Protein chains: 2
Amino acid sequence: MGGLLSCGFLTYGRENGVSMAQVVEQVVRRGRKFDQVLAGARTIFLRDGFDGASVDDIARQAGVSKATLYAYFPDKQLLFKEICSQECLRQTQEVEAEIDPAMTVEAMLMLAGVRIAGFLMSDFGQNACRLVIGEGARFPELARDFYRNGPALVHDRLAHHLHHLAQNGQLQIDDLDLAADQFIQLCKASILEKLVFRMDHHLREDRVRQSVQGAVEMFMARYGVQRG
Amino acid sequence: MGGLLSCGFLTYGRENGVSMAQVVEQVVRRGRKFDQVLAGARTIFLRDGFDGASVDDIARQAGVSKATLYAYFPDKQLLFKEICSQECLRQTQEVEAEIDPAMTVEAMLMLAGVRIAGFLMSDFGQNACRLVIGEGARFPELARDFYRNGPALVHDRLAHHLHHLAQNGQLQIDDLDLAADQFIQLCKASILEKLVFRMDHHLREDRVRQSVQGAVEMFMARYGVQRG
DNA sequence: ATAATAATGAACTAAGCAGTTCATTTTTCG
DNA sequence: CGAAAAATGAACTGCTTAGTTCATTATTAT
């Protein structure tokens, strides 16, 4: 327990595309229950956290014998890290759809905001956040990976878009990083803490939209060029 | 495990003031190691979380025998809840200093913002947040108490101040709750996720001030009355 | 068909941890 | 001092859980 896997992701015997499978047929696919194991582990880990989840529970959920599970993953920590890595990738894809450059600034912000808030609202988003935050002490490098492949990535893309808009003269921004952070945080207003601390498990749809709408208005009031 | 202590705090045999002690001398103070137990438990729980902390570790840290510990607290959960309750109160006190009504709007916002950000920056604030979020699944009512006595309380006081400022004509706000949430979130911009996900354990002081400064500017751009 | 590979399940080890017990020692206080 | 209250520590119970083993069964490919 220590330096292994300190960065990067595991790719543990699952071809993650068609091209890979074509190049090396049947290399590491050691069994057919691999996906079941991952699916079961994801369910249980997201529900119970690392300590709360027992390997027996995971095996049962996966519909797989414990021996099979251990045939794929030598220990519980590696399985946990693999799940977290997968969730990072999924989170990235969640925000991956391209932004149309022909949009107005408001429309672009609105779209980005709805996606950011939507992720937080999803069961998966909530559980993943809680999991990574809670287990961050035991797995610091994992929390960092999650951050880099999730929040940080969203931040960078947003800052990139803002940069272009500022160059076009549609926005007036001096500190791009700060502006991007501000917008992201504003989208979470009214919803973040209530979710994290389990106040309202499912906030009303209109409250979320209201939050994003408010974020856009505020952002434009500060950085918009039209004045009076 | 269930309904007990579903709301409210434990007051487990420690006079929490002088008046109490004067009224009932020597009621529940069954021993002199009470404070040591609490101190040790706080250290270990904040460091390791609920599952990660073993009762033996706590006793050792407290400089107290396990038997003594169990003489005060019948089980681990009750001790944990007591610690969390204490941390809630402490968090409340953290933001308790009164606001001078003669201040300018900007100065008031700056003060409030620095306090909010300061709490997040503190080791205690970070650990407490992680603890409550991570253990929220096991102790949902505890996460709610923490939220009510912390973030929600800050929100309410801020909204109250904003209400007065709006009545005085110094601000133009239609949705007070939203405005309060927005300001609070803005203060966390640039620092929250980096802390929660353990990117930079100690951000530079100036970056925090910059964040709060940016929050005030943005807030005034949106809700200030001076226009052009 | 048959041989190789994958999966099973059930029993097992070893360790850690919550909570208990109690004979002995220390502290407090009249 | 001397008695009552508090603290000790070390051993012990009972339970949970990570990880192993292996003889048996199912699946796959040639």
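Quick note on labels: first sequence line is chain A, next is B, and so on, each numbered from 1. It should be emphasised that the depicted structure is a prediction, and the values quoted were computed from it without experimental measurement.
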Review point. Quick one: do Asp206(A) and Arg209(A) make a salt bridge, cutoff under 4.0 Å?
Key: no
Check your understanding: Could you give the OH-to-C1' distance, from Tyr70(A) to dG9(C), as a whole number of Å?
Key -> 15 Å
Point to revise | Verdict with reasoning, Val154(B) to Arg115(B), per side chain to side chain contact (heavy atoms under 4.5 Å, CB included) | key: CA-CA 10 Å; Val154(B) 173; Arg115(B) 263 192 216 134; over 6 Å; no
Point to revise | Separation of atom CD in Gln36(B) from atom C1' in dT27(C), rounded to whole Å | key: 13 Å
Review point. For Leu79(A) and dG19(D), what is the distance between atoms CG and P respectively, to the nearest whole Å?
Key: 10 Å
Study note, to complete from the structure: Note: contacts of residues 44-69 of chain A with DNA chain C (heavy atom, under 4.0 Å) are Gly63(A), Val64(A), Ser65(A), Ala67(A), Thr68(A)
Practice item. Look at the rings of Phe50(A) and Phe80(A) and say which category their plane angle falls in: under 30° parallel, 30 to 60° tilted, over 60° perpendicular. Key: perpendicular
Point to revise | With sequence neighbours excluded, residues passing side chain to side chain donor-acceptor pair (under 3.5 Å) with Arg138(A) | key: Asp51(A)
Exercise for review: Measure from the side-chain N and O atoms of Asp57(B) to the backbone N and O of Ala53(B), and report whether any donor-acceptor pair falls under 3.5 Å.
Suggested key: no
Practice item. Check the distance between dG19(C)'s C1' and Asp75(B)'s CG and give it to me in whole angstrom. Key: 9 Å
Exercise for review: Considering just the side-chain nitrogens and oxygens of Lys33(A), establish if one lies under 4.0 Å of OP1 or OP2 belonging to dT8(C).
Suggested key: yes
Point to revise | 4.5 Å side-chain heavy-atom contact, Gln182(A) and Met218(A) | key: no
Point to revise | Phe34(B) CZ - dA7(D) P separation (whole Å) | key: 11 Å
Review point. Between dT20(C) atom C1' and Phe73(B) atom CZ, what is the distance in whole Å?
Key: 18 Å
Practice item. Write down the distance between CZ (Arg32(B)) and P (dT26(C)), rounded to a whole number of angstrom. Key: 12 Å
**Study point:** Nearest-Å distance for atom pair OH/P, residues Tyr72(B) and dA18(C)
**Key:** 20 Å
